[in-house]
Amino acid sequence: MGISIFAASNNKEGLFVTNRHAAKDSQGSKNTKGGKNVFAGDFNAQNKNTIELKRKLAYKRAMKILTDTFATEQDIDNGIKGLKEQQEQLKQEALEDKKAAMGVEDERTQLMERYGVTEDSEEHKDLELLRKEFQTDAELTDSEKEQLAEIHKKGLTAYQKDMIELDRKEEVYRQRAGQKESSANAISSSITGIELDRLKTHPVANATREADEIIEAANKELIGGLWAEAKDHIDEKMEEVMEKAEKEAEEKEEEEKKEAERKKEKLETEKRIEESKLSALVTTSAGQDTPASTPVDKSFDTTEVHDIIQESSGNNSSASKAEKEIQKLVEELNLIMEDLKGTKIDMNA
């Protein structure tokens, strides 16, 4: 007897949606000749609930890993987005400061025009020397030092003071622009570092792989449980089949014994009828040798045959069939008796 086992298949939702379909299909399945279909999903509701619970727990664990990883990555993405926005803001402000510093040059031109000073004038040349003095890395000659001392002694002109103030204003703008550009560059380095770390650690890929491993392990465990359940189920079915086969064999053996007894009874009945025939023939012959004055019954007495039939039949369910066959023999016997009437048998022969 062949046994086919249909196990549940895996899918995206979890292994075991197909298992429910298999259980449903098993209700309408019919045994084929020489075979029996056993479905791994055709178990009791408690086992199905346990399998479904394990599947949901494994799926929940996998989803938590993915969700936590994606949440962390989303936070990092949001952080990077904020850094980029801040970087863009710093760049924009640095650009504005540079524009402001460039605007100071226009103010210088206007100031020179207002004071009527040209670049070739002594006043402007003294301004250039004063500017050199303010430079921390400038190297002054002895002559320049003496000239500067003389300028400070007589005091700065209004033009020189206003121009130096514009120089300081421009320097502030340029410093601010430089600081903002440095900050923007630092942010850019931070973003690059974060993205490089991502490429090295592969958090999303690792989380996906871990989630897949959890689902796969759960599937293997559940499938193993299904096979174990299926094996137990098959063992039970096989035991039932063996018990049924043994019972059928016993019933068949008992029926064969009864049939043998019926045949034996039939043979015994036929034997007794034959003996009755012979007795009847002897009686008839003896009757023909008796004196004429002695009445002899020429007909065959079937009472004994009927008694044999009744005795043989008893409570046997096949008595009617046996009786019909014996009745046929009795009829044949009567015909023989008719043929024997008037016939004399030589008993000394």
Side-chain angles (χ1 to χ4, degrees), residues 12-13 56-115 117 119 124 127-140 156 158-217:
K12 192 71 174 177
E13 298 179 1
K56 287 183 177 179
L57 288 175
Y59 182 76
K60 185 176 180 180
R61 285 180 57 200
M63 287 305 299
K64 187 177 187 308
I65 291 173
L66 291 175
T67 302
D68 291 346
T69 302
F70 288 141
T72 302
E73 291 300 299
Q74 186 64 44
D75 291 340
I76 294 173
D77 287 339
N78 291 336
I80 291 174
K81 182 180 179 181
L83 289 174
K84 287 182 176 180
E85 290 175 353
Q86 184 179 356
Q87 182 186 38
E88 188 63 27
Q89 180 67 25
L90 289 169
K91 287 181 177 180
Q92 186 65 31
E93 290 177 1
L95 182 60
E96 291 176 358
D97 287 336
K98 286 181 178 181
K99 288 181 179 179
M102 294 175 64
V104 172
E105 188 64 28
D106 294 335
E107 293 182 31
R108 288 194 186 99
T109 301
Q110 294 174 4
L111 188 63
M112 290 177 70
E113 290 177 355
R114 190 172 71 211
Y115 282 102
V117 178
E119 293 181 356
H124 186 76
L127 175 64
E128 291 294 332
L129 186 58
L130 289 169
R131 286 173 173 171
K132 186 176 181 181
E133 183 185 17
F134 295 142
Q135 295 176 2
T136 56
D137 57 347
E139 293 182 2
L140 298 173
L156 302 179
Y159 166 75
Q160 290 172 341
K161 290 179 180 179
D162 290 344
M163 290 295 283
I164 290 174
E165 185 64 28
L166 288 176
D167 290 345
R168 289 173 180 172
K169 182 178 179 181
E170 180 182 8
E171 183 63 21
V172 169
Y173 283 135
R174 293 192 181 279
Q175 286 181 356
R176 284 168 54 180
Q179 290 173 353
K180 291 174 181 178
E181 285 182 340
S182 296
S183 297
N185 292 333
I187 291 174
S188 180
S189 298
S190 298
I191 294 173
T192 302
I194 293 171
E195 292 177 345
L196 287 175
D197 288 339
R198 273 182 165 179
L199 293 175
K200 292 177 181 178
T201 57
H202 309 290
V204 175
N206 292 339
T208 302
R209 182 172 60 254
E210 185 177 357
D212 289 341
E213 289 173 355
I214 290 174
I215 295 297
E216 183 179 359

Exercise. So, for Ile194 and Ile76, which heavy atoms are closest and what is the spacing to 0.1 Å?
Worked result: CG2-CG2, 3.6 Å
For this session: Assess whether side chain to side chain contact (heavy atoms under 4.5 Å, CB included) is satisfied between Leu129 and Glu133, documenting all intermediate values.
Result: CA-CA 6 Å; Leu129 186 58; Glu133 183 185 17; over 6 Å; no
For this session: Could you please spell out the steps behind the side chain to side chain contact (heavy atoms under 4.5 Å, CB included) verdict for Glu165 and Lys161?
Result: CA-CA 6 Å; Glu165 185 64 28; Lys161 290 179 180 179; over 6 Å; no
Exercise. Would you call Lys64-Asp68 a salt bridge at under 4.0 Å N-O?
Worked result: yes
Exercise. Between His124 and Tyr159, what is the ring plane arrangement, given parallel below 30°, perpendicular above 60°, and tilted in between?
Worked result: tilted
For this session: Search all heavy atoms of Ala58 against all heavy atoms of Ile214 and return the closest pair with its distance.
Result: O-CG2, 3.6 Å
Exercise. Can you find a heavy atom in the side chain of Leu166 that is under 4.5 Å from one in the side chain of Met163?
Worked result: yes
Exercise. Could you walk me through whether Gln74 and Asn78 pass the side chain to side chain contact (heavy atoms under 4.5 Å, CB included) check?
Worked result: CA-CA 6 Å; Gln74 186 64 44; Asn78 291 336; 3.2 Å; yes
For this session: Please say whether more than 12 non-hydrogen atoms of neighbouring residues, nucleotides or ligands are located less than 6.0 Å from CD in Glu119.
Result: no
Exercise. For Asp106 and Gln110, what are the C-alpha separation, side-chain angles and deciding distance, and is it a side chain to side chain donor-acceptor pair (under 3.5 Å)?
Worked result: CA-CA 6 Å; Asp106 294 335; Gln110 294 174 4; over 6 Å; no
For this session: Please check if any side-chain donor atom of Gln175 sits under 3.5 Å from a side-chain acceptor atom of Glu171, or the reverse.
Result: yes
Exercise. Can you name the one residue among Glu93, Glu85, Lys91 that meets side-chain hydrogen bond (donor to acceptor under 3.5 Å, both in side chains) with Gln89?
Worked result: Glu93
Exercise. Any sub-3.5 Å donor-acceptor pair from Ser188's side-chain atoms to Ala184's backbone N or O?
Worked result: no
Seminar exercise, completed: Closest heavy-atom pair, Leu156 versus Gln160, reported as atoms and distance to 0.1 Å, is CA-OE1, 3.5 Å
Problem set entry | NZ/NE/NH1/NH2 to OD/OE distance under 4.0 Å, Arg198 and Glu195 | no
Problem set entry | Verdict with supporting geometry, Glu88 and Gln92, side chain to side chain donor-acceptor pair (under 3.5 Å) | CA-CA 6 Å; Glu88 188 63 27; Gln92 186 65 31; over 6 Å; no
For this session: Step through the shown structure and confirm whether more than 12 heavy atoms of other residues, nucleotides or ligands are within 6.0 Å of NZ on Lys132.
Result: yes
Exercise. Can you find a pair of side-chain heavy atoms, one from Phe134 and one from Asp167, that are under 4.5 Å apart?
Worked result: no
Exercise. Which is it for Arg108 and Val104 under the side chain to side chain contact (heavy atoms under 4.5 Å, CB included) test, yes or no, and what are the steps along the way?
Worked result: CA-CA 6 Å; Arg108 288 194 186 99; Val104 172; 4.0 Å; yes
